[in-house]
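Step one of this worksheet: look at the structure below.
These numbers come from the heavy atoms of this one structure, side chains and all, not from hydrogens, waters or symmetry mates. Counting begins at 1 with the first residue of the sequence. We count ligands from 1, going down the list as the structure has it; atoms in each ligand are counted the same way.
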Amino acid sequence: MQMVARDVYQLPLTPRSGVNAYLVGDVLVDSGYPLHTKRLLRQTASRTIHAHALTHAHADHAGSSRRLKETLGIPIWVGANDADVLRSGRAEPGAVPFGRAALKSYMKFPGVEPDRELREGDELAAGFIALETPGHSPGHLAYWRDEDRTLICGDVFFNMSIATTAVGLHTPPGFFTPNPAQNRDSARRLAALEPQVVLFGHGPPLRNPAMLADFASSLPS
Ligand SMILES: [Zn+2]
């Protein structure tokens with residue numbers, strides 16, 4: 001567990017920050033894949049966690065959420081338009097030429113009942129608010145703290161290549177993204193905030209606002 005901003009700790013769940021969760025004040029943001037439950041519980045054992053919030057309801061972010069709720073007895077918060085997927089554990093993939101059934105099966109995770117549905121402007125913890133940033137999922141949320149311009153962007157941007165794990169900015173893979181054009185709109189919105197620190201679902205933190213702005217402006221409209 002590494003401090004990446006005031007009251008914000010990164011919990012890398014795989015090597016090279018391939019899959020991340022974050023502890024924001026007393027709220028755990030995201031939970032990795034189902035196999036990450038023990039690691040998360042170990043990394044946060046010395047902390048009191050009061051709630052568990054999601055950036056979006058996908059298997060690599062909500063995978064351990066049901067077991068965390070059962071083990072810690074904490075409420076789960078999710079973007080309003082991802083609530084049904086969190087219940088069912090069945091997310092909608094992106095457009096693929098073939099293999100859609102296999103992809104849907106790969107994207108399954110243990111569904112869990114949300115306790116609170118978050119919307120634009122709702123408070124998270126430690127000064128962060130929710131921003132509705134749909135596209136990668138219908139109810140995708142980013143979390144933003146204006147005071148020090150810290151952004152938890154979820155999967156609106158990746159800061160690694162999923163093919164090579166090399167660090168660098170990308171949009172999320174199309175096969176996991178039902179509405180790529182809407183995600184690009186969300187990406188431009190987030191870049192316009194000029195965050196000083198960006199914390200990703202996949203990849204290490206980025207402390208280079210100009211790099212994010214250049215990347216966002218290079219995206220097709
Ligand atoms: Zn992800």
Side-chain angles (χ1 to χ4, degrees), residues 4 8 10-24 28-37 39-40 52-68 76-79 81-83 85-86 88-96 102-112 114 118 124 130-143 151-180 182-184 186-187 190 198-206 212 215 219:
V4 285
V8 183
Q10 180 189 2
L11 309 173
L13 300 174
T14 65
R16 298 172 60 81
S17 299
V19 178
N20 300 310
Y22 296 91
L23 187 60
V24 179
L28 178 67
V29 174
D30 289 343
S31 69
Y33 282 104
L35 58 85
H36 292 135
T37 311
R39 180 184 294 262
L40 273 169
H52 171 38
L54 296 170
T55 57
H56 60 296
H58 276 180
D60 54 331
H61 297 257
S64 293
S65 295
R66 182 163 85 192
R67 280 186 63 200
L68 285 176
I76 300 194
W77 306 347
V78 66
N81 291 330
D82 271 10
V85 169
L86 184 62
S88 66
R90 282 161 170 70
E92 199 55 38
V96 281
L103 184 58
K104 280 179 110 159
S105 156
Y106 172 78
M107 290 176 78
K108 273 190 214 165
F109 64 92
V112 58
L118 296 176
L124 178 76
L131 303 179
E132 291 178 351
T133 47
H136 182 62
S137 75
H140 190 288
L141 298 176
Y143 297 106
L151 175 69
I152 298 168
C153 76
D155 281 3
V156 173
F157 301 96
F158 276 42
N159 196 23
M160 64 177 286
S161 157
I162 62 158
T164 66
T165 77
V167 174
L169 289 168
H170 299 268
T171 49
F175 42 88
F176 295 137
T177 307
N179 193 333
Q182 193 181 38
N183 183 70
R184 289 195 293 274
S186 293
L190 293 181
V198 187
L199 305 170
F200 302 84
H202 308 283
L206 176 71
L212 193 76
F215 178 75
L219 297 174

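Partners of Arg184 under the side chain to side chain contact (heavy atoms under 4.5 Å, CB included) rule, at least two apart in sequence or in another chain, are Pro180, Ala181, Arg188, Leu219, Pro220. Looking at residues two or more places apart in sequence or on another chain, you find a side chain to side chain donor-acceptor pair (under 3.5 Å) between Ser17 and Gln10. Looking at residues two or more places apart in sequence or on another chain, you find a side chain to side chain donor-acceptor pair (under 3.5 Å) between Thr165 and Arg16.
In this pair, His56 and His61 present their aromatic rings tilted. The plane angle is within the 30 to 60° band. Note on ring orientation: taking the six-membered ring where Trp is involved, the planes of His36 and Tyr33 are tilted (angle from 30° to 60°).
Atoms of the protein (N, O or S only) found under 2.8 Å from the Zn ion (ligand 1) are Asp60 OD2, His61 NE2, Asp155 OD2, His202 NE2.
Side-chain N/O atoms of His202 and Asp60 include a donor and acceptor closer than 3.5 Å.
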